Amino acid sequence: MKTRLHLFLLLLFSSSLIIAQQPKKPTASDIHESIKKLNFLGSVLYVAAHPDDENTRLISYMSNEVKARTAYLSLTRGDGGQNLIGPEIRELLGVIRTQELLAARRTDGGEQLFTRANDFGYSKHPDETLAIWNKEQVLNDVVLAIRKFKPDVIINRFNHRTPGTTHGHHTSSAMLSIEAFDLVGDKNAYSNQLSTVDTWQPKRLFFNTGWWFYGSRENFEKADKSDLIQVDTGVYFPSNGLSNPEIAALSRSQHKSQGFGSTGRRGSQIEYIELIKGDLPTDKSNVFEGIDTSWNRIEGGKAIGEILYEVQNNFDFKNPSASIPQLARAYNAIQGLKDTHWKTLKTKEIKDIIAACAGLYLEVTANTNHTTAGATVNLNLEVINRSNANITLLNITDPNGLMIDKNLKLDNNTGFDFKETLEISDSQIVSTPYWLTKKGSLGMYMVEDKNLIGKPETPRALNVTFNLNIENVAIPFTKPIVYKTNDPVKGEVYKPFEIIPEASAKISEKVIILDTDKQRDIEVIVQAGRDNLEGFVQIAHPNNWSVYPEKQKVNITNKGQEQRLVFTVIPPKEQSEGLLTPMVHIGDKTYTKELIEIDYDHIPFQTVLLPSESKIVRLDIQKRGENIGYIEGAGDVVPESLRQIGYNVAILKPEDITQDNLKRFDAIVVGIRAYNTIEALNFKQQILFDYVAQGGNMVVQYNTRHRVKVDQIAPFDLKLSRDRVTDENADVKLLATDHEVLNFPNKITSKDFDGWTQERGLYFPNEWSSEFTPILSMSDNGETQKTGSLLVAAHGKGHYVYTGLSFFREFPAGVSGAYRLFANMLSLGKNNINTDKKFND
Ligand SMILES: [Zn+2]
């Protein structure tokens, strides 16, 4: 019963999160806070490198307490991180983390910006980061973000003066922000941008410092902080019953894929901000000192301010609609502003406030969450005014022009529903994250449409505009078409309305490893984006491979249905690798993309189109032994990869590790970070070491140096360090050329280290007892050689191997050499047993 109750609570909890995707339904208090924000004309830009780097306490404080327009510029979308909530990695993880940032900003009231820089993985130094990013392009994008957003104040999360002490992306974000600060006001810098934006000069640039920058809390306490700006971010908001840190925690908790669930605090909490550029404010709590943040700031603003300050002061919490006539007048005056930047911003804000004051509900829903170009879709339009304000619906327009021409008076609380159809243009482009439509480089996304650079997501393509007359002022309200349904458990569920291709396809396995030249069947899954799909499928493949049949018919009756087709792949005799791509031919069109849907409760439903590719590898590999016991750690796909090359892999729980049980295994492999995560292994180490001594083979993959939960990782002394080699192309020297692990049953050469991905390895030991033989040596540029990546020790009749090499990354990428070397590790000590009939040397 307990688990049931738990599940029920979980569902309840998750259903409350769906609200993030529903239209905002502001309370009277919310409206009043928005009016205060409307009357503050100042802005802050927070700069860092990754989703989750941002200090949500400070962002929420600036947005909700100071009322400043506040944005977070994350240089990357976090593709290189890990995913704790699902299988998505790389670009798909970047899509999730982009949406998590947007969910965080919906919570803390900020806005979200990006550059084209890609989170390619760990780098130790900004020199390395900026060599892989296109530095000029990223700097261009930072300059562009500042010129567009026009912040008065920039706050860096990271310190530009300490390269090498944190992730290279972090230091780079601070360095680029500072460089941009000096360029944004210069007409000659990135002058090609000036056709769409003006130059701009922020007044100050700060570094959001903290005790960690001083080495310890004690040092920080002792330090002279008289020149630091200090703001108390622990304020309490009676309007919503939350403290600022509680809002910040709710925001931070949106980074669910990173496991950043966070609990809010109450009470005073000081943030320290160090001035880097500009003049130091005399009031050490006000970053805006000397900046006019009132309506007087802009030409023609004074008259608007006179109306709106009165609206703010006389706001009637029992009847917000009483403010509408004045708000409509202010809206009109804002339309006359010469300054287009402020005109655009304040128009959007005041429209939302007017709609909220009137309880105006405008929504356009489609009868499906996706359709194809050229299709016709049924729409429902809901229009209701819930106030005594004088409001008329003039007309409604869709992408094809006038849709409804009504001139309808909207009486208080009398709703209208219109059923209409929309013909989608034949040339309507498909919905997908804009930064993934063209193949980029390791360090950069490729974005062809320059207008999209910096935007958090692809703008909604299909919108409907409701043209209203409110208190004799014409005001248009544009709404994206959405899909809405009722889920029996979750209740009202919203999804974006998307355009998908009429056909998409994928091969069910992303990496196919063949360890012999025997043929293999593969499955192609074709998905229909519309009804009555007819055509055929072929598979593009490398020349020296064959696939048959050459083509197969596709015939799918209903939209959304799949058809599964089996093809046979015949590998060449020699080692070879390449890509397989299913091509679906429908009429004169060919579709080569895969449709991926991402569905989590804390972010909107995501539809992503990616090139449909599977890597196929014919391995030249020999193996000894076949039964592997795998002790899982933090989670990796090594067991599936070993199965792909023909091993029987059994997963061992700590309680399965007994002397008797281990006897049947040719080798025991320990998963990544097992000794950091599985406490119970401390009681199993001696059994494992005894197994080795009696002739077994034990391979341990990387663990971090801290929080090791076992007394002894190896039967001999071994000290873990932070040594890592992040350059996946770093030269690998074979130290112990005669050692069995480099010669049997596969002869390992430097070629086996070609094509590795993301890194060579991490957390290598840097001290070990004489029983260990270091096998390889490697280093990142400019560093000393690291020899601890692969250590082998004989123990009794068996072998113990410790390796920080990143097999867990290389296997899913189908890297041949990684498989060959791992097979040798598993075959240690089996050189003299030449009786295995399955292998013919
Ligand atoms: Zn980071």
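Remember, it's a predicted structure, so these values are computed and weren't measured experimentally.
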Over 12 foreign heavy atoms within 6.0 Å of NZ, Lys409: yes
Electrostatic pair Lys506-Glu562, nearest N-O below 4.0 angstrom: no
Non-neighbouring partners of Arg116 that pass side-chain hydrogen bond (donor to acceptor under 3.5 Å, both in side chains), sequence neighbours left out: Asp141
Ring centres under 6.0 angstrom apart (Phe497, His370): no
For Thr368, side-chain hydrogen bond (donor to acceptor under 3.5 Å, both in side chains) partners two or more places apart: Lys559
Contact summary for Asp108 and Ile247, nearest pair of heavy atoms: CA-CG2, 4.0 Å
Salt-bridge criterion met for Glu363 and Lys484 (N-O under 4.0 Å): yes
Pair Thr581-Thr592, side-chain donor/acceptor within less than 3.5 Å: no
Lys589 NZ: over 12 foreign heavy atoms closer than 6.0 Å: no
His602 and Gln254 side chains, donor-acceptor separation under 3.5 Å: no
Polar contact flag, side-chain donor to acceptor under 3.5 angstrom, Asn369-Tyr494: no
Results of ring pair (Phe, Tyr, Trp, His ring centres under 6.0 Å) for Phe536 - residues two or more places apart only: His585
CD1/Ile429: more than 12 non-hydrogen atoms of other groups inside 6.0 Å: no
Gln99-Glu457 side chain donor-acceptor pair, cut-off 3.5 Å: yes
For Asp599, all residues meeting salt bridge (charged side-chain N to carboxylate O under 4.0 Å, His left out), sequence neighbours excluded: none
Polar side chain donor-acceptor pair, Glu597 to Gln606, under 3.5 angstrom: no
Lys24 atom NZ: more than 12 heavy-atom contacts under 6.0 Å: no
Selection residues 83-99 - residue pairs positive for salt bridge (Lys or Arg N to Asp or Glu O under 4.0 Å), sequence neighbours left out: Asp52-Arg97
Carboxylate-amine/guanidinium contact Arg266 Glu246, below 4.0 Å: yes
Residue pair Ser427 / Ser425, side-chain donor-acceptor N/O under 3.5 Å: yes
Could you give the side-chain donor-acceptor pairs of residues 374-382 under 3.5 Å, partners two or more places apart or in another chain?
| unit_1 | atom_1 | unit_2 | atom_2 | d |
| --- | --- | --- | --- | --- |
| Asn380 | OD1 | Lys419 | NZ | 2.7 |
| Asn380 | ND2 | Asp417 | OD1 | 3.1 |

